[in-house]
Protein chains: 2
Amino acid sequence: MSHNDSSLPEPDIGLCICSNLRRATRAVTQAYDAALRPAGIRASQFSMLALLKKRGELRQSTLADLIGLDGTTLTRNLQPLLKNEWIRIDRDEDQRVRLISLTAEGHRVVGLATPLWQGVQAHFVDSLGSEQWSALLDALNGTGAVARAD
Amino acid sequence: MSHNDSSLPEPDIGLCICSNLRRATRAVTQAYDAALRPAGIRASQFSMLALLKKRGELRQSTLADLIGLDGTTLTRNLQPLLKNEWIRIDRDEDQRVRLISLTAEGHRVVGLATPLWQGVQAHFVDSLGSEQWSALLDALNGTGAVARAD
DNA sequence: AAAAGAAAAATGTATATACATCTTTTATGA
DNA sequence: TCATAAAAGATGTATATACATTTTTCTTTT
């Protein structure tokens with residue numbers, strides 16, 4: 001068995017906020033993806049489409065801000081949605097701007113997926129209990145705020 | 001502005017556990033990646049190398065379990081570590097099994113990265129406060145457990 | 001000992017993610 | 001007006017992620 005090079009106590013990597021977040025996110029994403037699979041949509045895609053349904057047409061950069069996604073990542077993430085014809089991309093008067101909106105197919109898929117989302121979401125909320133659930137959302141908001149404050 | 005197709009209240013996607021987790025994880029990962037950049041290593045890579053340093057040689061499948069990573073993902077994630085010669089992959093007596101261990105370079109990089117990790121981790125813990133910090137870790141453990149219980 | 005089954009990892013394919021840089025278009029300023 | 005700067009996206013490149021399937025090796029069963 002190997003030892004530390006110094007006599008200082010090694011920090012506990014097991015408490016790393018980043019790796020704990022990433023591990024939990026992998027597991028939760030798999031659960032949501034599995035629940036949404038009958039609708040042929042993934043969790044990350046559903047969050048974009050549901051936002052477009054709620055807010056209507058959005059600038060691409062606004063969509064990126066709202067989801068907290070790097071702009072270049074959003075450019076890539078829109079491609080599968082386009083390929084499935086769930087969204088439409090139009091130009092603004094300002095020719096630099098792209099306006100994203102749901103197609104009829106997109107509305108249909110969100111409608112299909114929404115009850116599936118409700119089911120898995122309710123399962124998590126019930127299992128956690130509403131107090132740990134809201135503690136989680138609070139902690140995530142706080143943690144994200146710290147990260148973005150840098 | 002578009003309305004719901006039915007008169008049922010629309011569920012609030014803003015409270016989706018999955019999308020909130022994913023958003024926070026993106027932001028936090030960017031902060032940890034930025035902090036570790038001077039050592040030439042990413043957060044997800046650091047968590048693997050730090051685990052190997054702590055535990056010594058591990059079976060590939062054990063490593064996957066410990067990080068909570070799909071086995072096929074780990075196969076891919078090991079490639080950059082191999083390319084940088086931070087790890088070595090040996091065969092067990094059982095020729096199906098791969099044994100992963102740190103090289104001298106790997107130890108060196110972990111040593112370089114550890115104080116950087118400590119810095120960013122301390123920043124998050126301080127900013128959150130220890131109570132919200134432990135609430136976060138508890139909630140993440142609970143949530144991950146729910147996800148894996150399916 | 002040969003066939004069938006199980007375990008471990010790799011491969012094919014698709015999506016998600018971000019940094020550095022580039023292109024296009026609009027706004028500004030001398 | 002023309003040059004320069006700024007805004008909005010797209011592209012090149014690299015990593016991260018998982019499902020379905022395949023390959024290799026070992027174990028079990030007959």
Side-chain angles (χ1 to χ4, degrees), chain A residues 18-19 21-37 40-49 58-65 67-84 86 89-100 147-148, chain B residues 18-19 21-37 40-49 58-65 67-84 86 89-100 147-148:
Chain A
C18 186
S19 63
L21 260 172
R22 293 177 65 85
R23 175 172 29 250
T25 296
R26 283 192 296 268
V28 170
T29 296
Q30 283 182 69
Y32 276 71
D33 278 352
L36 295 176
R37 199 158 295 140
I41 193 178
R42 293 173 179 237
S44 82
Q45 301 173 337
F46 179 66
S47 66
M48 291 189 272
L49 297 191
L58 289 174
R59 285 171 160 240
Q60 187 168 316
S61 58
T62 305
L63 183 54
D65 278 353
I67 334 180
L69 204 60
D70 182 273
T72 71
T73 300
L74 182 59
T75 296
R76 263 63 187 250
N77 288 3
L78 291 178
Q79 298 314 306
L81 308 183
L82 257 183
K83 194 178 58 175
N84 286 309
W86 293 335
I89 305 186
D90 296 299
R91 294 238 166 169
D92 191 73
E93 292 169 29
D94 182 336
Q95 294 286 298
R96 293 171 298 183
V97 173
R98 302 294 189 280
L99 297 172
I100 318 292
R148 285 181 281 270
Chain B
C18 187
S19 62
L21 260 173
R22 292 176 66 85
R23 175 174 27 251
T25 297
R26 283 191 294 269
V28 170
T29 296
Q30 282 182 69
Y32 276 71
D33 278 352
L36 295 177
R37 199 158 294 141
I41 192 178
R42 293 174 179 237
S44 82
Q45 302 173 338
F46 179 66
S47 66
M48 293 189 270
L49 297 191
L58 288 174
R59 284 169 158 242
Q60 188 168 314
S61 58
T62 304
L63 183 54
D65 278 353
I67 333 180
L69 203 59
D70 182 273
T72 71
T73 301
L74 182 58
T75 297
R76 261 66 185 249
N77 289 2
L78 291 179
Q79 298 315 306
L81 308 184
L82 257 184
K83 194 178 57 175
N84 286 309
W86 293 335
I89 304 185
D90 297 299
R91 294 239 165 169
D92 192 74
E93 292 169 29
D94 182 337
Q95 294 287 298
R96 293 171 299 184
V97 174
R98 303 292 190 281
L99 297 172
I100 318 292
R148 284 181 281 270

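Side chains are part of it too, since the values below use all heavy atoms of this structure and drop only hydrogens, waters and symmetry mates. Just so we're on the same page: letters track the sequence lines, and every chain starts at 1.
Taking atom CG on L36(B) and atom C1' on dA18(C), their separation rounds to 15 Å, with Å as the unit. Atom CG in D65(B) sits about 12 Å away from atom C1' in dA8(C), given to the nearest Å. Rounded to whole Å, the distance from CG on D70(B) to C1' on dA20(D) is 11 Å. Distance L63(B) CG to dA8(C) P: 14 Å, rounded to the nearest Å. Taking atom CZ of residue R98(B) and atom C1' of nucleotide dT11(C), one finds them 13 Å apart after rounding to whole Å. What separates CZ of R59(B) from P of dA10(C) is a distance of 13 Å, to the nearest Å. Look at CG on L99(A): it is 15 Å from C1' on dT25(C), rounded to the nearest Å. What separates CD of Q79(B) from P of dG12(C) is a distance of 13 Å, to the nearest Å.
The residue among L78(A) and R37(B) whose nearest nucleotide of DNA chain C is located toward the 5' end is L78(A). Toward the 5′ end of DNA chain D lies the nearest nucleotide of R96(A), the other residue of the pair R96(A) and N84(B) mapping further downstream. Along DNA chain D, the nucleotide nearest T72(B) and the nucleotide nearest I89(A) are compared for position; the residue whose nucleotide lies closer to the 5' end is I89(A).
In this structure, K83(B) does not reach the dA14(D) phosphate: none of its side-chain N or O atoms is under 4.0 Å from OP1 or OP2. Between dA16(D) and Q45(B), a contact under 4.0 Å exists linking OP1 or OP2 to a side-chain N or O. OP1 or OP2 of dA18(D) sits under 4.0 Å from a side-chain N or O of T73(B).
Nearest to the side-chain atoms of R26(A) among the listed nucleotides dA18(D), dT25(C), dT25(D) stands dA18(D). When distances are taken from the side chain of S44(A) to each of dT17(D), dA16(C), dA18(C), the shortest belongs to dA16(C). In the set dA10(C), dC19(D), dA16(C), dC19(D) carries the atom at the smallest distance from any side-chain atom of Q30(A). Of the candidates dA16(C), dA16(D), dT25(C), dA16(D) carries the atom nearest the N77(B) side chain, counting heavy atoms from C-beta on. When distances are taken from the side chain of V97(B) to each of dT11(D), dC26(D), dA8(C), the shortest belongs to dA8(C). Taking only side-chain atoms of R91(B), from C-beta outward, the nucleotide of dT25(C), dT25(D), dA16(D) with the closest atom is dT25(D). When each of dA10(D), dA10(C), dA16(C) is scored by its nearest atom to the side-chain atoms of R42(A), the top-ranked nucleotide is dA16(C). Among the nucleotides dG9(D), dT26(C), dA10(C), the one closest to any side-chain atom of Q60(A) is dG9(D). Of the candidate nucleotides dT15(D), dA18(D), dG9(D), dT15(D) has the atom lying nearest to any side-chain atom of P80(B).
When all heavy atoms of S47(A) and S44(A) are compared, the pair lying nearest together is OG-O, 2.9 Å.
Among the atoms of the strands shown, only primed sugar atoms or phosphate atoms (P, OP1, OP2) are found under 4.0 Å from some heavy atom of L69(B). Residue-level contact check: R76(A) touches the bases, meaning some heavy atom is under 4.0 Å from a base atom. Among the heavy atoms of the strands lying under 4.0 Å from S61(B) are primed sugar atoms or P, OP1, OP2 only; no base atom is included.
The side chain to side chain contact (heavy atoms under 4.5 Å, CB included) test with L78(A) singles out one residue from Q45(A), K83(A), Q60(A), and that residue is Q60(A).
Rounding to the nearest 0.5 Å gives a distance of 5.5 Å between CG of L21(B) and OG1 of T25(B). Rounded to the nearest 0.5 Å, atoms OG (S19(B)) and OH (Y32(A)) are 8.0 Å apart.
A heavy-atom distance below 4.5 Å is not found between the side chains of L99(B) and I89(B).
Side-chain atoms of T29(B) never come within 3.5 Å of backbone atoms of R26(B) as a donor-acceptor pair (strictly under, hydrogens ignored).
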